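The structure under discussion appears below in the form of structure tokens.
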Amino acid sequence: MISTGEILETNSMIQNANLDVRTITMGISLLDCADADIDKFNEKIYNKITTKAKDLVKVGKDLEFELGIPIVNKRISVTPIAIAAAGCDTKDYISVAKTLDRAAKDVGVNFLGGFSALVHKGCTPSDKKLIDSIPQALAQTDLVCSSVNVGTSRNGIDMDVVKRMGQIIRETSESSVLGCAKLVVFCNAVEDNPFMAGAFHGVGEKDCVINVGVSGPGVVKKALEHVRGRDFETLCETIKKTAFKITRVGQLVAQEASRRLNVPFGIIDLSLAPTPAVGDSIAEIFQEMGLQEAGAPGTTAALAMLNDNVKKGGVMASSYVGGLSGAFIPVSEDSGMIEAAKMGALTIEKLEAMTCVCSVGLDMIAIPGDTSSATISGIIADEAAIGMINSKTTAVRLIPVPGKSVGDFVEFGGLLGYAPIMPVNRFKCDNFINRGGRIPAPIHSFKN
Amino acid sequence: MNCIITVLGKDKMGIIGKVCTLLSEKNVNILDISETIIKDYLNMIMIVDISNSAENFHQLAKSLSEAGKEIDVEIRIQLESIFDCMHRI
């Protein structure tokens, strides 16, 4: 029988250390909605999403109530629209984004991801239409998230798309700054990621699945408070044990949600996802490990150790682990990172180094509004190169804020937080970005 | 189906009696009770079986919460599975 100490420990994690399940994300394939008539396509995707996900929010809320743990988000991911809508006879996909937004609102989810294109080896006409539609699609919707995969370790990087995405990010920010918070550029995007803005339902997936993203930076931080001054072995063991416990809760929620919705369980994404709340921060974990601020020398090592031990603890706790799985470092969503960026401890260059060892990339970073599209493309290319060479997912979610410069702040609200405008290297890369073409696949991709 | 009930609040006469009476009325079987009092604050944990309960989980949670408000303590009920999954392999 469960002991009093165990009950108190679990409830203390929830009440005092912000333990939550970050998201239940239902992945829905839209491949069977194909239609040459865009209106019919929109009708079909609306009907499919609202039918499959009609009970998602209710089941999420019931589980939250019965288990006594917050399930912060209920979300939907769909087949990349550039694939699902490829057969439509239309000039752009803005009406599709609006339909997705309406479906998401009608079923009551927090976000819907999948306004996406996978273009790591070039664009189809449909991919081009989707990418061109992104600025207005994000400006005219509230819940739709977009992602574009520009490279893979297997195929290299499409630099034409990298160049175009620099322009698209600028255009998006000019239409709606918040739009940039809903747009992510990937290298090695994963097909079962439940986290936004990069969630989409891959073409290798079942018709409908339940993926769950767990969280809990606060729980790791609290656990590390008990091993202050102890050696790295103790530190790593503590992270592993904590990650195991967090992931077990995610596994329970995923299995129960899957059973109640009668939808197969896909994966648990065992990522540590911070929120702007104090006590729910990756940067605070670094401080507890012994760094003065996130960004101090030692930060990359601390993050590598955290990421690795979260995986080691988590994989034991779930039958299927997938998604991004690791630690996220979104600057505006982490109170400790915001402070570190404000005081200059954390720079974009240090964050870039950190992305070599964390689960994703340069995330939720506000930059001056006058940053050129070529510079944004240069940053995307650097990040994609890290992903390509190291066979890991990397991502860029940059937010150029019109009219703002270094020293100013921008407020996104809610889980997206707020951010100081961070300085960007002022030297130019235009001639490099303007070359065009593809960076070929790296040598270690030839494994066959 | 086993559930965990936690009662938190300033200690006073009759808390256990009130909760146990309510559970008895609802035909909920108490399997284990433990309580600690730290600086006048009561922390009571009960493991109960609600398989034969007259009310479903959601109704029972509401009844317990309302009973708690009457005596100024917080009463929560959770499925045992969240504790099992975290602490048992």
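Residue numbering restarts at 1 for every chain, and letters A, B, ... go by the order of the sequence lines. Because the structure is a prediction, the values reported are computed rather than measured. All values below come from the heavy atoms of this structure, side chains included, with hydrogens, waters and symmetry mates left out.
Residue contact with chain A, scored on non-hydrogen atoms closer than 4.5 Å, involves the backbone and the side chain of I89(B) alike. Residue contact with chain A, scored on non-hydrogen atoms closer than 4.5 Å, involves the side chain of S34(B) exclusively. If you measure heavy-atom distances from I2(A) to chain B, the contacts under 4.5 Å come from both the backbone and the side chain. Heavy atoms of T6(B) lying under 4.5 Å from chain A belong exclusively to its side chain. Residue contact with chain A, scored on non-hydrogen atoms closer than 4.5 Å, involves the side chain of I4(B) exclusively. Heavy atoms closer than 4.5 Å to chain B are found nowhere in M316(A), neither backbone nor side chain. Using a 4.5 Å cut-off between heavy atoms, E9(A) contacts chain B through its side chain alone, with no backbone atom that close. With a 4.5 Å cut-off on non-hydrogen atoms, N2(B) does not touch chain A at all. Of the two parts of S3(A), only the backbone, made up of N, CA, C and O, holds a non-hydrogen atom closer than 4.5 Å to a non-hydrogen atom of chain B. I14(A) touches chain B through its side chain: at least one heavy atom from C-beta onward sits under 4.5 Å away, while N, CA, C and O do not.
In this structure, K311(A) places its NZ atom where more than 12 heavy-atom neighbours from other residues, nucleotides or ligands lie under 6.0 Å away. Atom NZ of K58(A) has 12 or fewer heavy atoms from other residues, nucleotides or ligands within 6.0 Å.
The side-chain heavy atoms of I82(B) and E66(A), taken from C-beta on, include no pair separated by under 4.5 Å.
Residue H201(A) forms a side-chain contact (heavy atoms from CB on, under 4.5 Å) with just one option from V209(A), I28(A), N193(A), and that option is V209(A).
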### Query
For D72(B) and K10(B), what are the C-alpha separation, side-chain angles and deciding distance, and is it a side chain to side chain contact (heavy atoms under 4.5 Å, CB included)?
CA-CA 8 Å; D72(B) 208 21; K10(B) 208 163 168 43; over 6 Å; no

### Task
Dump the intermediate steps for side chain to side chain contact (heavy atoms under 4.5 Å, CB included) on V72(A) and T23(A), then the final yes or no.
CA-CA 6 Å; V72(A) 183; T23(A) 179; over 6 Å; no

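Separation of atoms CZ (R228(A)) and CD (E288(A)) is listed at 4.0 Å; rounding is to 0.5 Å.
Counted by atom type alone, D231(A) and T234(A) present one or more donor-acceptor pairs between their side chains at under 3.5 Å.
No other option in T4(A), L8(A), N11(A), I69(A) has as many heavy-atom pairs under 4.5 Å with chain B as N11(A).
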